[in-house]
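This structure is a prediction, so every number in the text was calculated from the model and none was measured. Just so we're on the same page: letters track the sequence lines, and every chain starts at 1.
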There are 2 protein chains.
Amino acid sequence: MLKPKPAAPAASAQQRRLQMADIARLAGVSTSTVSRALAGSKLVNDETRQRVLELARSLNYSINIGAQNLRLKQNRTVGVVVPYDPDTRQQLTDPFFLAMLGSLADALTEQGLDMLLTRVDAGQLDAAAQPFDSGRVIGVILIGQWRHHDQLNQLAARRVPIVVWGAQLPQQLYCTVGGDNVAGGALATGHLLQRGRRRIAFLGDINLPEVEHRYQGYCQALRAQGIAPDPQLQVPVSFLPGGGAEGVRELMRRGAAFDAMFASSDLLAMAAINTLRELGRPVPDDVAVVGYDDIELASYFHPPLSTVRQPIAAAGRALVASLLELADGQGAASLQLPTELVLRASA
Amino acid sequence: MLKPKPAAPAASAQQRRLQMADIARLAGVSTSTVSRALAGSKLVNDETRQRVLELARSLNYSINIGAQNLRLKQNRTVGVVVPYDPDTRQQLTDPFFLAMLGSLADALTEQGLDMLLTRVDAGQLDAAAQPFDSGRVIGVILIGQWRHHDQLNQLAARRVPIVVWGAQLPQQLYCTVGGDNVAGGALATGHLLQRGRRRIAFLGDINLPEVEHRYQGYCQALRAQGIAPDPQLQVPVSFLPGGGAEGVRELMRRGAAFDAMFASSDLLAMAAINTLRELGRPVPDDVAVVGYDDIELASYFHPPLSTVRQPIAAAGRALVASLLELADGQGAASLQLPTELVLRASA
DNA sequence: GTGAAAGCGCTAACAT
DNA sequence: ATGTTAGCGCTTTCAC
């Protein structure tokens, strides 16, 4: 039983790794002492500690975290899960999602946490719990609520520590952190109204909770001005590439008159603007357009995009903070972060 | 010694996790049998296996990977490191890098590997080896060679399995996978020449190996047409936001005449195009512009960007394949992937 | 076909 | 101040 074949899977030819016993032997002390020295314990003689530390550093020895975790029953790794659509696989493509990943990486690093990144099939969302069930991570941050409310509730019911970026929904068992989509939608629409636009089209798939909230904000802003939302102007398009162009064409097909547009993502807005230009309807003169997210390229676009900024940096920190609370066995309240209107040339 | 305080760090209130002994007890067998059943061993009775499997599934039990790895001396995790500039922290912002991350996530998932994502200070690149030294990962994929050739060589000399996305350099000890930047530069420049442009500006920081190669390709293409590269037209600008605008202004300041531009990234090209437009030099009529990378938004831009496409999907797979070879103790040859010219409206 | 027991690399109570 | 030893959750040899 003492010989797990030396040629372990994915580990055939490399030389044996250094371990604590080696350092101990070289330093002429026991492994306990090495362990204590490396942990900075007061119990070990200054001179001994120096010697051990020196040795470890010069040999690039680093404690085996797997073994340490096992012994200590601790863990400093957080799972980040990005569901992908089984058909397109295309979710990791949206710049907004990617920016969120960056923000998370920063927030985790700040807390001395590691990030285990996993993509899972959105249809099999329970797979998101696997890294937790197998003890690899203390909990999971999921980016991309999509339409998986029920599956997420099931995970939470199973007591998997999970925080989701997205909208807060009724009867929700899991913890969400998200932008204030209703306020964001109202902000964008309010601005267009203030500029005197009255026929404002809405682009986006309101089956997605976040988009639905943006649409609510849109309706609120209209009603505040005594305008009834016109279903003709509400075009359901997906976030996929092509959605923006498709949305504009659909509006034309309907023969709907419009002088402005609120797109539920910047990508959608950009594609829509391009299509409008092709159709001879210049932005912002003929049609004013506001996007959503404020991805970096929004400012590079022509015309520079007016948009609703999502609080990405704050989002990363908030997601991590909530997850730590959950992993600690506490409850964590869902959170809505403020959004902000960024005015550029497109509206 | 038997009581590592039950309230372990970051693990206070949650209930004890299920483990193999629990399943064994419930199934009325020994842990050996459970282990075998879960591993699908032929040694265990069909009926027993069924019972164990059933039990494990219904309780969402999953083998503790940390313990398993320790015992088996195996590991299925790969480290992915993205260096950041200590000042700006802004490297995870370039859409190209982010797309590469997505591609890597896919390639790793395909191979049943997990991805541990770490950001490290570009000035302390030896920190990139930490996840390897501590046994968390079988090797490291580093995105962002920048100017850290020497530090990377040191890591490789220490026998850290590491694969770097970037350019192949003389006296290189580490393994690189990258696009063929010389060919890419020649492709872009050749196209501009073919369109009759003769005064082609080059935008980019040639201190970066990849950019330097693109510049070499640029020079080659010019010389092939009997044109000597004009230093006046070579503008060193960083990839940071603002670099594109700065580059164009610098050209104007120099009073350099130019009728085309090859920018070493799409972001640079977009910013340059916007600035050119502001200065009354429309693209492509007055100045033809070719970018580099073919990020998704290149096609959304106005005018849609002609650019050199980097083989992102292939890159992810190649990086993973090379890393597996290295981790396996074999050498891995550096690799150059073909690039391709994508013609749109900007040139 | 199944179980007992040793040990993967580490930590910490206990002994000295 | 340091060493001895048991055991974290798992796999596997060896014995039955």
Side-chain angles (χ1 to χ4, degrees), chain A residues 1-9 11 16-25 27-53 56 59 61-76 133-136, chain B residues 1-11 16-25 27-53 56 59 61-76 132-136:
Chain A
M1 53 152 307
L2 255 198
K3 305 203 174 146
K5 46 173 114 39
R16 200 180 64 83
R17 299 173 85 96
L18 219 51
Q19 56 192 72
M20 204 175 263
D22 300 315
I23 306 291
R25 195 166 9 82
V29 295
S30 73
T31 58
S32 320
T33 302
V34 175
S35 173
R36 286 191 272 251
L38 260 29
S41 159
K42 293 278 139 209
L43 282 170
V44 57
N45 192 332
D46 272 4
E47 186 247 328
T48 316
R49 182 182 21 257
Q50 280 314 320
R51 193 151 37 91
V52 169
L53 256 41
L59 296 176
Y61 169 75
S62 199
I63 288 183
N64 180 316
I65 307 244
Q68 189 185 49
N69 282 348
L70 182 59
R71 173 68 230 222
L72 257 31
K73 291 162 157 290
Q74 82 179 0
N75 193 337
R76 297 290 295 170
D133 290 333
S134 62
R136 310 200 47 147
Chain B
M1 54 149 315
L2 253 198
K3 307 204 174 147
K5 47 173 117 33
R16 200 180 62 84
R17 299 174 84 96
L18 220 50
Q19 58 191 67
M20 204 175 263
D22 300 315
I23 306 290
R25 194 163 13 79
V29 295
S30 74
T31 59
S32 318
T33 302
V34 174
S35 174
R36 286 192 270 251
L38 260 29
S41 159
K42 293 276 139 211
L43 281 170
V44 57
N45 191 337
D46 272 5
E47 187 248 327
T48 315
R49 182 179 26 254
Q50 279 314 319
R51 195 152 35 91
V52 169
L53 254 42
L59 296 176
Y61 169 74
S62 199
I63 287 182
N64 180 316
I65 306 244
Q68 189 185 48
N69 283 347
L70 182 58
R71 173 66 230 230
L72 258 30
K73 292 164 159 289
Q74 81 180 359
N75 193 338
R76 298 290 295 168
F132 172 75
D133 290 333
S134 62
R136 311 200 45 147

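Summarising the geometry, the separation between CG on Asn64(A) and P on dC8(D) is reported as 18 Å, rounded to the nearest angstrom. For Leu70(B) and dA6(C), the CG to P distance is 18 Å, given to the nearest whole Å. A straight line from CZ of Arg25(B) to C1' of dG9(D) spans 14 Å, rounded to a whole angstrom. Distance Asn75(B) CG to dT11(D) C1': 17 Å, rounded to the nearest Å. Rounded to an integer number of Å, the gap from CD1 of Ile63(B) to P of dC8(D) is 17 Å. To the nearest angstrom, P of dG3(D) lies 15 Å from CD1 of Ile23(A). dA6(D) atom C1' lies 15 Å from atom CG of Leu72(A), rounded to whole Å. Atom CD in Gln74(A) sits about 14 Å away from atom P in dG9(D), given to the nearest Å.
The nucleotide whose nearest atom lies closest to any side-chain atom of Thr33(A) is, among dC8(D), dT11(C), dG3(D), dG3(D). Closest to the side chain of Thr31(B), out of dG3(D), dC8(D), dT11(D), is dT11(D). Distance from the side chain of Ala67(B) is smallest to dC10(D) among dA12(C), dC10(D), dG3(C). Nearest to the side chain of Arg71(A), among dG9(C), dG3(C), dT2(D), sits dG9(C).
Sorted by first and then second residue, the salt bridge (Lys or Arg N to Asp or Glu O under 4.0 Å) pairs involving residues 38-52 of chain A (not counting sequence neighbours) are Asp46(A)-Arg49(A), Glu47(A)-Arg51(A).
To the nearest 0.5 Å, atoms OG (Ser134(A)) and CG (Asn69(B)) are separated by 9.5 Å. The CD1 atom of Ile23(B) lies 10.5 Å from the CG atom of Leu53(B); values are rounded to the nearest 0.5 Å.
Interface remark: the Arg17(A) side chain does not form any donor-acceptor pair with the dG9(C) base, using a distance-only criterion of under 3.5 Å. Counting distance only, with no hydrogens placed and no angle test, the side-chain atoms of Ser32(B) and the base atoms of dA4(C) include a donor-acceptor pair under 3.5 Å.
Residues from residues 42-52 of chain B placing a heavy atom under 4.0 Å of any atom in DNA chain C, listed by number, are Leu43(B), Val44(B), Asn45(B), Thr48(B).
Residue Gln68(A) places at least one side-chain N or O under 4.0 Å from the OP1 or OP2 atom of dT11(C). The phosphate of dG9(D) has neither OP1 nor OP2 within less than 4.0 Å of any side-chain N or O from Tyr61(B). Taking only side-chain nitrogens and oxygens, Lys73(B) comes nearer than 4.0 Å to OP1 or OP2 of dG9(C).
For the pairing with Val34(A), the side-chain contact (heavy atoms from CB on, under 4.5 Å) check across Val52(A), Thr48(A), Ile63(A) returns one residue only, Val52(A).
Contact of the Asp22(A) side chain with the Arg16(A) side chain is registered, since non-hydrogen atoms from C-beta on lie closer than 4.5 Å. Between Met20(A) and Leu38(A) there is a side-chain heavy-atom pair separated by less than 4.5 Å.
Closest approach of Gly135(A) to Asn75(A), counting heavy atoms only: O-ND2, 3.2 Å.
Take the nearest nucleotide of DNA chain C for Arg36(A) and for Gln19(A): the residue whose nucleotide is more 5' is Gln19(A).
Here the side chain of Asn64(B) pairs no donor or acceptor atom with the backbone of Gln19(B) at under 3.5 angstrom.
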